[in-house]
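Below: the structure, in structure tokens.
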There are 2 protein chains.
Amino acid sequence: MPEQTAANRPTLEAVAARAGVSRATASRVVNGGAGVRQPLVDKVRAAVDELGYVPNHAARSLVTRRHGAVAVIIAEPELRVFSDPFFAQQLRGISRELTANDLQLVLLWVEDESDHGRIARYLAGGHVDGAIAFSLHGDDRLPRLITESKVPTVLGGRPGTEAGPALPYVDTDNRGGAREAVRHLVSLGRRTIAHIAGPGDQTSALDRIAGYHDVLIDPDPELLREGSFTEESGARAMAELLDRRPGIDGVFVANDLMALGALRVLRERGLRVPQDVAVVGFDDMEAVVRASDPALTTVRQDVEGLGRLSVKLLVKLLSRPTGRVPASVIMPTNLVRRASA
Amino acid sequence: MPEQTAANRPTLEAVAARAGVSRATASRVVNGGAGVRQPLVDKVRAAVDELGYVPNHAARSLVTRRHGAVAVIIAEPELRVFSDPFFAQQLRGISRELTANDLQLVLLWVEDESDHGRIARYLAGGHVDGAIAFSLHGDDRLPRLITESKVPTVLGGRPGTEAGPALPYVDTDNRGGAREAVRHLVSLGRRTIAHIAGPGDQTSALDRIAGYHDVLIDPDPELLREGSFTEESGARAMAELLDRRPGIDGVFVANDLMALGALRVLRERGLRVPQDVAVVGFDDMEAVVRASDPALTTVRQDVEGLGRLSVKLLVKLLSRPTGRVPASVIMPTNLVRRASA
DNA sequence: CACTGGCCTGAAAGCGCTCTCACGCTGCCG
DNA sequence: CGGCAGCGTGAGAGCGCTTTCAGGCCAGTG
């Protein structure tokens with residue numbers, strides 16, 4: 001392969017000349033070689049190798065109007081993203097699946113509403129074939145913005161009511177998972193079951209509350225405390241719960257990190273888990289569960305799978321005759337029984 | 001703005017026609033308007049607004065040979081990336097600074113060597129103007145691969161010796177920071193100072209060891225244990241150290257997460273921090289430090305700043321007449337004194 | 001043996017933009 | 001009053017690729 005810089009990269013023209021064919025034929029070979037006789041295919045392939053030819057992407061998208069790239073929009077204004085592996089794990093699933101589909105990942109990080117203009121402009125600019133947005137919050141006007149940009153998009157997580165026009169989404173079966181968790185506590189004979197919920201601006205938190213209510217019809221409202229998905233907030237919520245309702249014998253915590261905080265407080269107060277209080281978390285985050293003592297019983301969700309699935313759905317959306325929007329997908333959860341309940 | 005889909009987006013031609021000027025003039029206005037008289041500038045601007053014109057990126061890069069995009073290569077085969085906020089924080093710095101420079105972020109996640117071909121092909125494909133690679137490991141052949149691709153690149157973190165041809169890098173002053181940490185322990189009158197190091201395949205870990213040795217000439221080799229930057233491994237290392245050298249009265253731990261593990265073991269063994277054993281960490285990760293008890297004294301490094309700096313360096317590199325490579329940059333650290341030492 | 005049809009191949013037309021170059025106009029100087 | 005800068009504008013080439021369309025070739029058929 002000859003020495004080359006960005007400036008003197010060989011063009012398809014050069015490949016064609018070297019192979020003794022027309023540019024059209026060279027192009028056909030580079031794009032799979034359908035309808036070209038074998039001898040010519042071989043010649044072109046050889047020329048490509050000898051010259052180290054790589055297609056010019058810009059020229060190609062100019063005519064095909066496709067870019068082989070997907071925007072991944074992370075709407076996470078808070079720093080939580082750093083302490084919660086959820087984010088990175090989902091991103092990894094997305095990255096892997098995009099790679100498998102030969103798509104590039106353009107990362108758009110939205111910190112606050114001042115970024116919305118930039119995002120809208122970028123999407124409208126037609127740089128990407130599609131988009132995936134995740135970590136949305138309830139009051140987020142992003143889904144609307146995205147809808148207006150007309151870029152095929154899949155959301156990670158059920159959007160709030162603000163979303164307006166329906167974009168397809170992938171989500172964990174938060175409600176079903178929560179039901180399973182609470183039912184498990186009930187099956188252990190627990191009578192006073194509290195719930196430490198996530199922040200009310202996230203549908204995942206709301207859905208888990210709904211699941212809790214599905215099982216425990218009309219529970220004491222004092223048994224429900226809202227945290228912010230951090231260990232600290234879980235500890236605080238647990239402390240408050242114990243202060244108000246000392247008789248609690250079971251807690252369903254909306255994520256593992258908060259459950260860790262709850263376990264700490266229970267330990268500090270001399271309550272035994274699970275004998276005195278049984279605890280069930282949500283997520284089954286390996287790093288967190290490993291750190292917990294006793295080992296945390298929790299609702300497992302496949303976060304990386306969620307990321308992969310969002311890409312699969314998008315790919316389907318892209319290949320579909322315009323207009324038809326595929327249905328959203330809900331991923332099942334399963335309860336992982338360990339020591340805490 | 002008229003209703004439009006990807007297919008019928010207005011072109012510069014349309015803008016020019018509407019403004020009653022030539023395409024060339026319209027182009028000049030869209031690109032800043034230098035050398036065009038005000039009345040025409042206004043007319044074109046108006047036409048752009050009325051039509052909702054957005055330049056076609058592919059067409060533009062086809063002629064300018066620039067893409068306004070930078071590849072960010074994360075070489076992190078391990079899952080550590082999920083538990084260590086280091087990664088996300090650096091990425092955020094990069095993202096912010098790229099945005100400030102009107103550059104897009106194309107994320108390339110390298111899981112193992114089987115991805116190298118894909119990365120090389122992508123870089124060689126000339127899709128991006130430059131690249132930033134971070135989280136490199138000692139035996140990584142990635143720097144070499146990147147060098148061969150001829151894409152201007154900045155490394156996050158000093159590369160190992162494998163790197164071969166010098167690519168500019170940004171890094172924290174790991175060695176200086178380590179010196180500062182150990183000197184602080186010495187100044188507290190500590191005589192038997194251990195070091196829990198990071199994995200030997202990362203230069204940051206090696207540099208911190210070097211800093212330790214800078215201050216403690218020829219220390220007992222048994223005082224040095226290697227961890228893997230996880231809390232778990234820090235705990236294990238601490239336990240082993242105490243088993244072998246019960247007289248330890250100071251520990252410099254190569255990152256905060258491992259320090260957390262070390263603190264836990266010290267507490268479990270009934271040793272008081274800092275009275276019996278003084279502990280200094282490295283990173284000053286907010287989430288980790290907040291969780292530590294007692295509050296961790298640590299060497300602060302500005303991880304987000306590191307990310308931003310890598311972009312700044314790359315931008316400089318891109319604007320520079322080819323050939324001249326700007327010097328690498330080392331960011332200073334500072335010791336944050338809290339309760340643990 | 002002429003004709004038809006199918007299969008390959010190449011010529012050429014763009015995709016939407018930038019940028020060079022030439023041209024026209026204005027104002028100033030000799 | 002002719003000539004000459006100098007500025008602003010437009011015509012047009014061309015970036016590298018895909019894709020249509022016409023034409024050439026060959027085999028099979030009447």
Side-chain angles (χ1 to χ4, degrees), chain A residues 4-45 47-48 51-69 121 124-129, chain B residues 4-45 47-48 51-69 121 124-129:
Chain A
Q4 58 190 233
T5 59
N8 70 355
R9 294 242 305 279
T11 68
L12 196 55
E13 186 76 52
V15 172
R18 178 152 197 134
V21 300
S22 73
R23 208 168 60 231
T25 297
S27 171
R28 281 187 271 258
V29 172
V30 168
N31 290 289
V36 179
R37 270 179 311 180
Q38 199 54 46
L40 290 195
V41 170
D42 294 341
K43 270 202 240 172
V44 173
R45 293 255 162 85
V48 165
L51 296 174
Y53 169 77
V54 181
N56 179 313
H57 195 79
R60 181 177 277 177
S61 358
L62 183 56
V63 29
T64 61
R65 289 155 183 290
R66 270 180 294 100
H67 302 86
R121 224 172 308 123
H127 305 255
V128 290
D129 300 326
Chain B
Q4 58 189 233
T5 59
N8 70 355
R9 293 244 305 279
T11 68
L12 197 55
E13 186 77 50
V15 172
R18 178 152 194 135
V21 300
S22 73
R23 208 170 59 231
T25 297
S27 172
R28 281 187 271 257
V29 172
V30 168
N31 290 288
V36 179
R37 270 178 312 178
Q38 200 53 46
L40 290 195
V41 171
D42 295 341
K43 271 202 240 172
V44 173
R45 294 253 161 85
V48 165
L51 297 175
Y53 170 76
V54 182
N56 179 313
H57 195 79
R60 182 177 277 177
S61 352
L62 182 55
V63 29
T64 62
R65 290 155 181 289
R66 269 179 295 103
H67 302 86
R121 225 172 307 121
H127 305 258
V128 291
D129 300 327

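In what follows, every chain begins at residue 1, and chains take the letters A, B, ... in the order their sequences are listed.
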Output yes when at least one side-chain N/O atom of [X] is less than 4.0 Å from OP1 or OP2 of [N], else no.
{"X": "Ser22(A)", "N": "dG10(C)", "result": "yes"}
{"X": "Ser27(B)", "N": "dC17(C)", "result": "no"}
{"X": "Asn56(B)", "N": "dC15(C)", "result": "no"}
{"X": "Arg23(A)", "N": "dT18(D)", "result": "no"}
{"X": "Arg60(B)", "N": "dT18(C)", "result": "yes"}
{"X": "Arg65(A)", "N": "dT18(D)", "result": "no"}

Mind listing the closest non-hydrogen atom pair of [X] and [Y] along with its distance?
{"X": "Gly125(A)", "Y": "Val54(B)", "answer": "CA-CG1, 3.4 Å"}
{"X": "Leu12(A)", "Y": "Ser27(A)", "answer": "CD2-CB, 3.5 Å"}
{"X": "Ser61(A)", "Y": "His67(A)", "answer": "CB-CD2, 3.9 Å"}

In whole Å, I'd like the distance from the [atom1] atom of [X] to the [atom2] atom of [N].
{"X": "Leu62(A)", "N": "dC15(D)", "atom1": "CG", "atom2": "P", "value": "13 Å"}
{"X": "Leu12(A)", "N": "dC15(D)", "atom1": "CG", "atom2": "P", "value": "14 Å"}
{"X": "Arg9(A)", "N": "dC15(D)", "atom1": "CZ", "atom2": "P", "value": "15 Å"}
{"X": "Arg28(A)", "N": "dC17(D)", "atom1": "CZ", "atom2": "P", "value": "15 Å"}
{"X": "His127(B)", "N": "dG16(D)", "atom1": "NE2", "atom2": "C1'", "value": "14 Å"}
{"X": "His57(A)", "N": "dT18(D)", "atom1": "NE2", "atom2": "P", "value": "11 Å"}
{"X": "Glu13(B)", "N": "dC15(C)", "atom1": "CD", "atom2": "C1'", "value": "13 Å"}

Counting only side-chain heavy atoms from C-beta out, which of [options] sits nearest to [X]?
{"X": "Val21(B)", "options": "dG16(C), dG10(D), dT9(C)", "answer": "dG10(D)"}
{"X": "Val36(A)", "options": "dT9(C), dC17(D), dG10(D)", "answer": "dT9(C)"}
{"X": "Arg37(A)", "options": "dT9(C), dG16(C), dT9(D)", "answer": "dT9(C)"}
{"X": "Asn31(B)", "options": "dT18(C), dC19(C), dC17(D)", "answer": "dT18(C)"}

### Query
Given that Ala26(B) and Ala59(B) both sit by DNA chain D, which one's nearest nucleotide is further toward the 5' end?
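Here Ala26(B) is the residue nearer the 5' end.
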### Atom pair CG (Leu40(B)) and OG1 (Thr25(B)), whose distance is rounded to the nearest 0.5 Å
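Rounded to the nearest 0.5 Å, the CG-OG1 separation comes to 6.5 Å.
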### Query
For the atom pair CZ (Arg9(A)) and OG1 (Thr11(A)), what is the distance rounded to the nearest 0.5 Å?
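Between Arg9(A) CZ and Thr11(A) OG1, I get 10.5 Å after rounding to 0.5 Å.
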